[in-house]
Structures are given as C-alpha cells and as structure tokens.
There are 2 protein chains.
Amino acid sequence: MDEHGTCGHHDHAPHDHAHGPGRTADLVARAERLAQDLGLQFTALRRRTLEVVADEGRPLGAYDIAERLSAPGKRVAAVSVYRALDFLTEHGLVHRIASRNAFVPCEHGHGAGESAVFLICRRCGSVDETISAEIERSLDRTLAQAGFKPASRIVEIEGECGACQGRHEAE
Amino acid sequence: MDEHGTCGHHDHAPHDHAHGPGRTADLVARAERLAQDLGLQFTALRRRTLEVVADEGRPLGAYDIAERLSAPGKRVAAVSVYRALDFLTEHGLVHRIASRNAFVPCEHGHGAGESAVFLICRRCGSVDETISAEIERSLDRTLAQAGFKPASRIVEIEGECGACQGRHEAE
DNA sequence: CGGCGACCGTTACACTGTAACAGGCCGGGC
DNA sequence: GCCCGGCCTGTTACAGTGTAACGGTCGCCG
Ligand SMILES: [Zn+2]
Ligand SMILES: [Zn+2]
Ligand SMILES: [Zn+2]
Ligand SMILES: [Zn+2]
C-alpha cells in the first residue's frame with residue numbers, strides 16, 4: 001500500500017521500545033503465559049501470526065500477513081489470518097490501527113483498562129505506542145460527564161515523528 | 001450493515017445538539033458562507049451529500065449515501081460521493097468515523113486546531129461529538145514530550161450511551 | 001462409539017476505496 | 001468569438017478489506 005521503509009525505524013534515531021527478535025520472543029512468551037493462565041489455545045497459526053506482526057517494524061495488513069505466512073504449495077487464506085488476529089487483539093497482544101486497516105504488536109503489556117495512544121508517522125510509516133495516565137484521566141472525566149460508559153478506546157495521532165522532522169529538505 | 005434505529009436518537013432521552021432539518025440547514029448555511037469566503041465551489045452534489053449525511057442521525061457509509069442520492073434512472077456512483085466527502089471532510093463539515101468507515105455531520109463548527117471526541121454507542125449506533133480542551137491539552141503535552149508533530153487526531157470511544165444504559169433487560 | 005466444541009481450510013460474497021480516462025462547464029486571454 | 005485552462009462530475013475498472021457459511025479435523029467427555 002505505502003512504500004515506506006521495510007522497518008519503520010531509523011538507524012540514526014533508534015526508538016526506545018523492544019524490536020525485532022527480542023520483542024517477538026517477549027510477546028510469544030507473554031502469549032504462552034496468558035494462554036496457560038486462562039486455559040486458551042495458543043495455536044501454531046496464532047503464534048506464527050503474532051511472530052509475523054512482531055517481526056515487522058510497521059503496521060501490516062491482514063493480506064500482507066497472509067502472504068508472509070504462505071509458502072509455495074501451502075497458502076494461508078486471509079480469513080484464517082483474521083481469525084487469528086481476532087484472538088490476538090482480544091487479548092491485547094496486537095493492536096488494530098483503525099485509520100490504516102493494519103495491525104501492530106503491542107509494545108507495552110498494558111492491563112485491560114489502560115488504553116494506548118498511537119503515534120503514526122506520515123513520512124516513514126512507523127507507529128509508536130505510548131500510555132499516558134493523564135490522557136486516560138481527562139478522557140474518563142469527559143466520558144463520565146457525558147454519561148457514557150466506554151468499552152474500548154481508539155486514539156490515533158497522525159503526523160511526523162521526531163526522527164523525520166528536520167529532514168524536510170533531505171528528500 | 002448494522003440494524004439499529006433509523007434515527008439514532010431516543011424519544012425518551014433527547015440529545016442536546018441540533019438535529020434533523022434544523023441542523024441540516026445550519027450546516028448548509030455554514031458551508032455556503034465558507035465557500036463564499038474561501039472562493040470554493042459548494043456544488044449541488046456536495047450540498048446534497050451534506051444534506052443526506054446531516055439528515056440521517058447515525059453514521060452513513062459512502063455507498064449508503066450514494067444509494068440515497070440516486071433516483072430511478074439517475075444513479076450516483078460511490079466514487080462521486082467519495083469526492084464530495086473529501087471536500088466536506090477537508091473543510092470540517094462532516095467527519096469520518098475511522099472505526100466504522102462511515103461519516104457523520106459536524107455538530108460543533110470547531111476551528112481547525114480543535115479535534116473532536118466521538119462517542120459511539122454499540123447498542124443504538126448513535127454518535128455524539130464532543131470537544132474537550134482538557135483532553136486536547138493532555139494530548140498536546142504527551143505529543144510534545146514524544147517529539148511528535150501532530151497533523152490530525154482520531155479519538156473514538158465505543159461503548160454505551162447514557163440513553164441505552166438502564167435498559168439491559170428491556171431487550 | 002457418538003456428540004460436542006474449538007479451530008482451521010475453502011469458497012463465495014459484500015463492502016470500502018482509488019486510479020484512470022472522458023466529457024461538461026466556466027472563467028480568462030487572445 | 002474562440003481557444004485554453006482548471007475544476008467538477010460520470011464512468012469503468014480494479015485493488016484492498018472484511019465476513020458469512022459450510023465442511024473437515026482433532027480432542028474431550030459422557
Ligand atoms: Zn499495547
Ligand atoms: Zn517518521
Ligand atoms: Zn466537528
Ligand atoms: Zn445508545
């Protein structure tokens with residue numbers, strides 16, 4: 001869809017969150033613990049889907065994931081990926097970026113109540129997940145005032161990440 | 001897509017924002033003023049698209065709008081609706097609900113810098129647009145701290161609106 | 001064994017969004 | 001007037017996103 005970097009990170013401005021194989025292993029371990037505790041099935045397809053999303057440094061569409069999971073002669077259909085993604089998003093292992101129709105690994109291991117803020121860079125396509133108790137509080141106050149009982153929250157900011165600023169000329 | 005009420009409002013719990021023909025007329029007037037001031041063209045298709053979105057009390061998909069704009073023998077293609085919606089969203093007359101792939105009329109006439117919070121009811125499908133300077137501030141602080149330069153913001157809360165609470169049994 | 005439930009493969013389909021090209025309309029410049 | 005440019009819209013075609021429905025497999029349990 002968009003032709004940004006294959007990683008979403010910038011060698012001269014590394015982010016602070018885990019990345020690559022390390023993050024992937026962490027997420028898989030978290031998933032296995034979670035499945036163990038709740039009596040859920042962390043199947044091979046779900047694990048492989050999680051690995052693909054975690055290995056990529058940028059949001060991936062469901063069809064991209066299906067393509068990466070497919071091998072010559074062993075095709076994985078997008079619908080299967082969607083089901084795996086349902087499981088993974090329900091349990092907070094990956095997040096859906098509504099404004100991009102794409103999925104990113106969770107970078108925080110936040111509890112169910114905490115909601116994330118996604119910073120999406122227009123230029124390089126990277127997505128950063130941050131948690132802010134302050135935003136949470138002001139959101140809660142506004143919702144309470146409106147008499148609205150929240151179930152899920154989407155906060156996505158599109159703009160320019162720190163690394164991409166200061167090279168407007170460097171095209 | 002979803003079979004909620006045709007209006008999104010509840011006779012026993014009216015909302016506080018303008019609604020129906022009144023709101024529609026307001027929005028059209030605002031659009032005409034805006035087009036006048038900026039030298040833009042508020043064409044018939046754009047006006048009719050705005051009217052359809054404003055008349056409906058719930059988020060409408062582009063294809064729904066196209067259907068409502070079509071008359072027997074005079075079909076309006078979705079692609080034309082998308083172009084009209086591009087114009088309307090660019091100038092803040094309607095908003096896109098990313099989590100629903102749908103459009104709602106703007107209820108506030110907010111400036112370019114102010115971003116809205118959308119409260120989307122799971123049960124009745126209504127969407128309420130509110131503005132909170134407090135959320136804005138905490139968001140700005142978080143973004144500044146992350147060195148992120150925002151261009152557009154999406155805040156969508158899904159849950160249960162005030163009117164729909166207290167009738168969990170009243171199915 | 002026979003049913004049940006969860007998962008997955010497969011097909012088909014609906015919905016969402018955009019690219020590309022052609023025609024109409026309207027203004028300004030010659 | 002006439003041509004030319006931009007802007008808008010109609011039309012077709014297509015890519016991308018998401019779900020419904022059915023069937024098969026496997027493990028579990030009465
Ligand atoms: Zn997370
Ligand atoms: Zn960037
Ligand atoms: Zn608005
Ligand atoms: Zn409601």
Side-chain angles (χ1 to χ4, degrees), chain A residues 1-3 31 34-36 38-50 52-53 58-91 93-104 125 154, chain B residues 1-3 31 34-36 38-50 52-53 58-91 93-104 125 154:
Chain A
M1 185 168 278
D2 46 359
E3 294 307 332
L34 184 144
Q36 186 72 22
L38 279 70
L40 303 168
Q41 298 182 240
F42 188 51
T43 64
L45 178 63
R46 289 170 180 178
R47 183 175 49 67
R48 289 201 297 145
T49 301
L50 178 56
V52 165
V53 173
R58 69 189 176 100
L60 271 185
Y63 281 72
D64 297 327
I65 299 170
E67 196 179 340
R68 278 166 179 68
L69 288 178
S70 295
K74 188 63 185 171
R75 184 178 147 273
V76 174
V79 61
S80 297
V81 175
Y82 276 111
R83 290 191 285 231
L85 287 170
D86 283 344
F87 174 90
L88 296 172
T89 52
E90 268 171 30
H91 298 97
L93 297 163
V94 317
H95 298 294
R96 180 179 146 81
I97 307 296
S99 60
R100 297 282 179 116
N101 296 325
F103 299 83
V104 293
I154 298 174
Chain B
M1 186 167 279
D2 46 358
E3 294 306 331
L34 185 144
Q36 186 71 22
L38 278 71
L40 304 169
Q41 298 182 241
F42 187 51
T43 63
L45 178 63
R46 291 170 180 177
R47 183 175 47 68
R48 289 201 297 147
T49 301
L50 178 56
V52 165
V53 173
R58 67 188 178 103
L60 271 185
Y63 282 70
D64 296 327
I65 298 171
E67 196 180 339
R68 278 167 179 67
L69 287 178
S70 295
K74 188 62 185 172
R75 184 177 147 274
V76 174
V79 61
S80 296
V81 174
Y82 276 111
R83 290 191 285 232
L85 287 170
D86 283 344
F87 175 90
L88 297 172
T89 52
E90 268 172 30
H91 298 95
L93 297 163
V94 316
H95 298 295
R96 180 178 144 81
I97 306 296
S99 60
R100 297 282 180 118
N101 297 325
F103 300 83
V104 294
I154 297 174

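Chain letters run A, B, ... following the sequence lines, proteins first, then strands; residues in each count from 1.
D/dT17 atom C1' lies 16 Å from atom CD1 of A/I97, rounded to whole Å. The distance from atom CG of B/L85 to atom C1' of D/dT9 is 14 Å, rounded to the nearest whole Å. Rounded to whole Å, the distance from CD on A/Q41 to P on C/dC8 is 8 Å. In this entry the distance linking CZ of B/F103 with P of C/dC15 reads 16 Å, nearest Å. In this entry the distance linking CZ of B/R100 with C1' of D/dT19 reads 16 Å, nearest Å. The distance from atom CG of A/L60 to atom P of D/dT17 is 11 Å, rounded to the nearest whole Å. For the pair B/D86 CG and D/dT9 C1', the computed distance is 14 Å after rounding to whole Å. Atom CD1 of A/I65 is separated from atom C1' of C/dC8 by 17 Å (rounded to the nearest Å).
Among B/V94, B/V52, B/V76, the one residue that satisfies the side chain to side chain contact (heavy atoms under 4.5 Å, CB included) test with B/I65 is B/V52.
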Using the rule given for side chain to side chain contact (heavy atoms under 4.5 Å, CB included), can you reason through B/R83 versus B/F87, listing the C-alpha separation, both sets of side-chain angles and the distance that settles it, and then say yes or no?
CA-CA 7 Å; B/R83 290 191 285 232; B/F87 175 90; over 6 Å; no
Should A/V104 and A/R58 be marked as a side chain to side chain contact (heavy atoms under 4.5 Å, CB included) after you check the CA-CA gap, both sets of side-chain angles, and the distance that decides it?
CA-CA 7 Å; A/V104 293; A/R58 69 189 176 100; over 6 Å; no
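Summarising the geometry of A/R96 relative to A/T89, their closest heavy-atom pair is N-CG2, 4.4 Å, with the distance given to 0.1 Å. Across all non-hydrogen atoms, the minimal contact from A/A66 to A/A77 is CB-C, 4.3 Å.
Contact annotation: A/N101 reaches the phosphate of D/dG18 (side-chain N/O to OP1 or OP2, under 4.0 Å). Contact check, B/Y82 against C/dG17: a side-chain N or O comes under 4.0 Å of OP1 or OP2. In terms of phosphate contacts, B/T43 brings a side-chain nitrogen or oxygen within less than 4.0 Å of OP1 or OP2 of D/dT9. Note on A/R96: a side-chain N or O is less than 4.0 Å away from OP1 or OP2 of D/dG18. Listed pair B/S80 / D/dC8 fails the phosphate criterion, with no side-chain N or O lying under 4.0 Å from OP1 or OP2.
With hydrogens and angles ignored, no donor-acceptor pair under 3.5 angstrom links the side chain of A/R83 to the base of D/dG18.
Residue-level contact check: A/V76 touches neither bases nor backbone, having no heavy atom under 4.0 Å from any strand.
When distances are taken from the side chain of B/R46 to each of D/dC8, C/dT11, C/dG17, the shortest belongs to D/dC8.
Toward the 5' end of DNA chain D, the nearer of the two residues B/Y63 and B/L45, judged by each one's closest nucleotide, is B/L45. When the nearest nucleotides of DNA chain D are assigned to B/L40 and B/R75 by heavy-atom distance, the more 5′-ward of the two goes with B/L40.
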